[in-house]
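Only one structure is covered here, and it is reproduced in the block below.
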Amino acid sequence: MIKILAVSDSHGEKDILNELALRYAHQVDLFVHCGDSELSSSDLIWGIMTTVMGNCDYDYQLNDEYRFQAGDKNVLVVHGHRHSVRGSVAGLKREAQQTNASLIFYGHTHIAKAELEDGILFINPGSISQPRGTLMEKTYCIVTLDDQTAKVTYYNDRHQEMADLSNQFQIL
């Protein structure tokens, strides 16, 4: 079993990133940030979390994407602004198919959402600082992966589970 904490769109609010790192240091295997941190690539938090460049990040030392293996799953992390995620996940889906990713973390919309489409799990942790949409809660998520399932559990910035958003998916 692998646990991944995903956060996005913190927009300069470093304290919450430090809080997440301290709180979950011994509970998760990996921390990913889906961009728009507005922090320098040399910030110490990136020794704990891995991030990608968002449309509000201007440090060109940040990578546009991050790929890794989680067990037997290929995982891709992007911000999403270059994939037109405000309209649909179609651009992410094409990227997933090209890179053989079965799990994609993305941000940009500031809307917490997890959806399975054509065997690919798309996860947006929402925004930890500036939520949008009907929910209007600052969110992050923890994904628990085993061989064939991904449990996506959402939390607000007070670390309370958001049961209505959380879900479990069958992935191959």
Side-chain angles (χ1 to χ4, degrees), residues 2-11 17 28-38 41 46 49-135 137-155 162 164-172:
I2 298 168
K3 287 189 174 190
I4 304 165
L5 185 146
V7 63
S8 190
D9 296 280
S10 51
H11 291 283
L17 300 182
V28 300
D29 301 297
L30 188 64
F31 292 90
V32 296
H33 190 292
C34 302
D36 276 0
S37 70
E38 298 185 39
S41 63
W46 308 136
M49 295 185 180
T50 301
T51 191
V52 294
M53 185 173 191
N55 59 298
C56 292
D57 293 315
Y58 299 103
D59 185 330
Y60 294 99
Q61 298 300 311
L62 296 170
N63 293 320
D64 287 333
E65 64 181 41
Y66 173 56
R67 298 179 197 189
F68 64 96
Q69 286 285 133
D72 64 346
K73 309 288 184 272
N74 289 324
V75 183
L76 176 64
V77 181
V78 297
H79 184 58
H81 62 296
R82 293 192 170 119
H83 299 86
S84 302
V85 295
R86 288 209 173 124
S88 74
V89 295
L92 289 177
K93 185 174 170 182
R94 282 189 298 279
E95 184 82 20
Q97 291 166 335
Q98 290 172 359
T99 61
N100 199 31
S102 55
L103 180 61
I104 295 187
F105 290 98
Y106 70 102
H108 190 55
T109 67
H110 295 218
I111 298 171
K113 184 178 186 180
E115 60 186 313
L116 185 67
E117 189 175 307
D118 294 332
I120 303 164
L121 182 55
F122 301 92
I123 301 172
N124 189 321
S127 173
I128 199 64
S129 71
Q130 299 173 10
R132 293 182 187 148
T134 57
L135 180 63
E137 282 270 8
K138 298 175 180 182
T139 56
Y140 64 95
C141 67
I142 296 177
V143 179
T144 305
L145 292 171
D146 65 22
D147 291 338
Q148 295 184 8
T149 54
K151 181 180 178 189
V152 183
T153 308
Y154 282 90
Y155 298 90
M162 310 283 297
D164 290 347
L165 289 175
S166 301
N167 206 342
Q168 186 164 313
F169 300 89
Q170 292 293 118
I171 56 174
L172 301 176

(Q) Could you go through T51 and V32, starting from their C-alpha distance and side-chain angles, then the distance that decides it, and tell me whether this counts as side chain to side chain contact (heavy atoms under 4.5 Å, CB included)? (A) CA-CA 6 Å; T51 191; V32 296; over 6 Å; no
Q | Worked verdict on L165 versus L135 for side chain to side chain contact (heavy atoms under 4.5 Å, CB included) | A | CA-CA 10 Å; L165 289 175; L135 180 63; 3.4 Å; yes
Q: Kindly say whether V85 contributes a backbone atom to a donor-acceptor pair with the side chain of H83 at under 3.5 angstrom?
A: no
Q | Side-chain (D9) to main-chain (H108) donor-acceptor, under 3.5 angstrom | A | yes
Q | Smallest separation among heavy atoms of I2 and G71, with atom names | A | CD1-N, 3.0 Å
Q.
I want to know whether Y66 and F68 have ring centres closer than 6.0 Å.
A. yes
Q. Donor-acceptor pair, K93 side chain versus D118 backbone, under 3.5 Å?
A. no
Q) Quick one: does S166's side chain have a donor or acceptor within less than 3.5 Å of a partner on Y154's backbone? A) yes
**Q.** Centroid-centroid under 6.0 Å between H110 and H11 rings
**A.** yes
(Q) Rounded at 0.5 Å granularity, tell me how far SG in C34 sits from CD1 in I128. (A) 12.0 Å
Q. Can you check whether A112's main-chain N or O pairs, donor with acceptor, with N124's side chain at less than 3.5 Å?
A. no
Q | Exam field: side chain N63 to backbone E65, donor-acceptor pair closer than 3.5 Å | A | no
Q: Taking the side chain as every heavy atom from C-beta outward, state whether S102 and K73 have any pair of such atoms under 4.5 Å apart.
A: yes
Q.
So D36 and N55, do their side chains get closer than 4.5 Å, heavy atoms only?
A. yes
Q) Around atom CZ of R86, are there more than 12 heavy atoms of other residues, nucleotides or ligands at under 6.0 Å? A) yes
(Q) Rounded at 0.5 Å granularity, tell me how far CG in L76 sits from CG in L103. (A) 9.0 Å
Q. Sub-3.5 Å donor-acceptor pair from the side chain of D64 to the main-chain atoms of V52, do we have one?
A. no
Q | Euclidean distance, F105 CZ relative to S8 OG, rounded to 0.5 Å | A | 11.5 Å
Q) When rounded to the nearest 0.5 angstrom, what distance separates CG in L17 from CZ in F31? A) 10.5 Å
Q. Should the heavy atoms of other residues, nucleotides or ligands under 6.0 Å from NZ of K3 be counted, would the total exceed 12?
A. no
Q. If you look at every heavy atom in I123 and C141, which pair is closest and at what distance?
A. CG2-SG, 3.7 Å
Q) Between I111 and R132, which heavy-atom pair has the shortest distance, and what is it? A) CG1-O, 3.7 Å
**Q.** Q168 CD to T149 OG1 distance, which is reported to the nearest 0.5 Å
**A.** 5.0 Å
Q. Is any side-chain N of the basic residue among K113 and E115 closer than 4.0 Å to the acidic one's carboxylate O?
A. yes
Q: Please report the closest heavy-atom contact between D57 and M53, naming both atoms and the distance.
A: O-CE, 3.0 Å
Q) By ring-ring contact (aromatic ring centres under 6.0 Å, His included), which residues pair with Y140, not counting sequence neighbours? A) Y24, Y155, H159
Q: Search all heavy atoms of A150 against all heavy atoms of V143 and return the closest pair with its distance.
A: CB-CG1, 4.3 Å
Q: Grab the two heavy atoms, one from L92 and one from I104, that are nearest each other, plus how far apart they are.
A: O-CD1, 3.4 Å
(Q) Using side chain to side chain contact (heavy atoms under 4.5 Å, CB included), reason through M49 and V7 one step at a time and then give a plain yes or no. (A) CA-CA 10 Å; M49 295 185 180; V7 63; 4.2 Å; yes
Q) S10 and H33: side chain to side chain donor-acceptor pair (under 3.5 Å), yes or no, with the steps? A) CA-CA 9 Å; S10 51; H33 190 292; 2.9 Å; yes
Q) Can you tell me how far the CG atom of L30 sits from the CD1 atom of I4, to the nearest 0.5 Å? A) 5.5 Å
Q) Going through the checks in order, is the side chain to side chain contact (heavy atoms under 4.5 Å, CB included) test met by Q97 and I120? A) CA-CA 9 Å; Q97 291 166 335; I120 303 164; 4.2 Å; yes
